[in-house]
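Computed over heavy atoms, backbone and side chain alike; hydrogens, waters and symmetry mates excluded.
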Amino acid sequence: NGTAGASTVSVSYAGLNANTTIVFIPEYPKILITNLLSSNITAINASNGKETTFSNFSLPESIAASSNGTIAYIAVSGNKVKMLNLLNGNVIGSIKVGSYPSAILDENGYLYIANSGSNNVTIARENGSIVESISTGIFPDYEAASGNGAYVFVLNLLSENVTEWFSVVAGICWTYSIRDFLQFEAK
């Protein structure tokens, strides 16, 4: 259950829900949690601790929020990402992506959806339109962006390398070994 205090929010979800992702949206303020085995999303109002549950999300693996904090993007089974309007609780669309979408990153108005089963990343606009798909290493599963949002990094678990993407506009992509990166940083 979520509890709100003057300056902190503590969340204690454990057990059979098999939580996979937690996102904080400071504009509202809300905390979004995927509950994998319960096939739902929990939203906690960080101001008062009130919880809302959104159901019918088959095996929600990952979640991200739009740049304005009004839409949640939820990776679900069936090779898609559902778009949930957080203001009224309605599903407003879905994005067809690769096999087993496992991570979503919203950066500068673009969604980067790591598809672990098809070894690629689907890039889409926040409105759901597909920009392109880029190849990665084997089993892309974690994503991060640089502080200025110019670079997106994808950790490929089974090939033990990182795919780096330099902005949607420039379209430059390369993959390098984690060992090579660590050796480069050590010099």
**Report entry** Any donor-acceptor N or O pair under 3.5 Å, side chains E61, T34
**Finding:** no
**Report entry** Closest heavy-atom pair and its distance - G117, Y100
**Finding:** N-CB, 3.7 Å
Query raised in the report: Do L32 and I22 pass the side-chain contact (heavy atoms from CB on, under 4.5 Å) test, and can you show the C-alpha distance, the side-chain angles, and the key distance before you say yes or no?
Result: CA-CA 6 Å; L32 304 175; I22 297 176; over 6 Å; no
Requested in this report: Report the residue from V23, D106, L105, I63 that forms a side-chain contact (heavy atoms from CB on, under 4.5 Å) with Y73.
Outcome: D106
Query raised in the report: What is the distance from atom CD1 of I92 to atom CG of L84, rounded to the nearest 0.5 Å?
Result: 8.0 Å
Requested in this report: Determine, stepwise, if the pair T42 / T52 fulfils side-chain contact (heavy atoms from CB on, under 4.5 Å).
Outcome: CA-CA 6 Å; T42 301; T52 304; over 6 Å; no
Query - hydrophobic_cluster_shared for I104 and F153, side chain cutoff 4.5 Å - result: no
Query raised in the report: Are any of the side-chain heavy atoms of S67 and E126 separated by less than 4.5 Å?
Result: yes
Query raised in the report: Can you check whether S102 reaches Y142 side chain to side chain, under 4.5 Å on heavy atoms?
Result: no
**Report entry** Transitive ILVMFWY side-chain link V97 to M83, under 4.5 Å
**Finding:** yes
Requested in this report: Please indicate whether N56 has more than 12 foreign heavy atoms, meaning atoms of other residues, nucleotides or ligands, lying under 6.0 Å from its CG.
Outcome: no
Query raised in the report: If you measure only the distance, is there a donor-acceptor pair under 3.5 Å linking the side chains of S99 and S118?
Result: no
Query - Same apolar cluster: Y110 and I113, side chain cutoff 4.5 Å - result: no
Query raised in the report: Does the side chain of N156 reach to within under 4.5 Å of the side chain of T163, using non-hydrogen atoms?
Result: yes
Report task. Would you mind telling me which of N79, T122, V81 makes a side-chain contact (heavy atoms from CB on, under 4.5 Å) with K96? Result -> N79
Query - From CA spacing to verdict: side-chain contact (heavy atoms from CB on, under 4.5 Å), V131, R125 - result: CA-CA 7 Å; V131 174; R125 291 179 183 83; 3.6 Å; yes
Report summary line: For G137 and N119, the nearest pair of non-hydrogen atoms, with its separation, is O-CB, 3.4 Å
Report summary line: Heavy atoms of A103 and S62 approach each other most closely as CA-OG, 3.5 Å
Query - Side chains of N35 and N40, donor plus acceptor under 3.5 Å - result: yes
Query raised in the report: Just how far is it from atom CG of L155 to atom CG of D141, taken to the nearest 0.5 Å?
Result: 7.5 Å
Query raised in the report: For the hydrophobic clusters of this structure (ILVMFWY residues joined by side-chain heavy atoms under 4.5 Å, transitively), does one cluster hold both I41 and V76?
Result: yes
Query raised in the report: Are K30 and L86 side-chain neighbours, meaning at least one heavy-atom pair lies under 4.5 Å?
Result: yes
Query raised in the report: Minimum heavy-atom separation for T136 to V121, with atom names?
Result: CG2-CG2, 3.6 Å
**Report entry** Gap separating the NZ atom of K82 from the CD1 atom of I74, nearest 0.5 angstrom
**Finding:** 8.5 Å
Query - Nearest heavy-atom neighbours spanning L59 and S39 - result: N-OG, 3.3 Å
Query raised in the report: Would you say I33 and I44 make side-chain contact, with heavy atoms under 4.5 Å?
Result: yes
Report task. Return yes if a side-chain donor-acceptor contact under 3.5 Å exists between S58 and S77, otherwise no. Result -> yes
Query raised in the report: So, do F24 and P29 sit near enough that their side-chain heavy atoms are less than 4.5 Å apart?
Result: yes
Requested in this report: Please answer whether the main-chain N or O of N90 pairs with a side-chain N or O of N85 as donor and acceptor at a distance below 3.5 Å.
Outcome: no
Query raised in the report: Y28 and G69: which non-hydrogen atoms are nearest, and at how many Å?
Result: CE1-O, 3.1 Å
Query raised in the report: Quick one: do I138 and V162 end up in the same hydrophobic cluster if we chain Ile, Leu, Val, Met, Phe, Trp and Tyr together by side-chain heavy atoms under 4.5 Å apart?
Result: yes
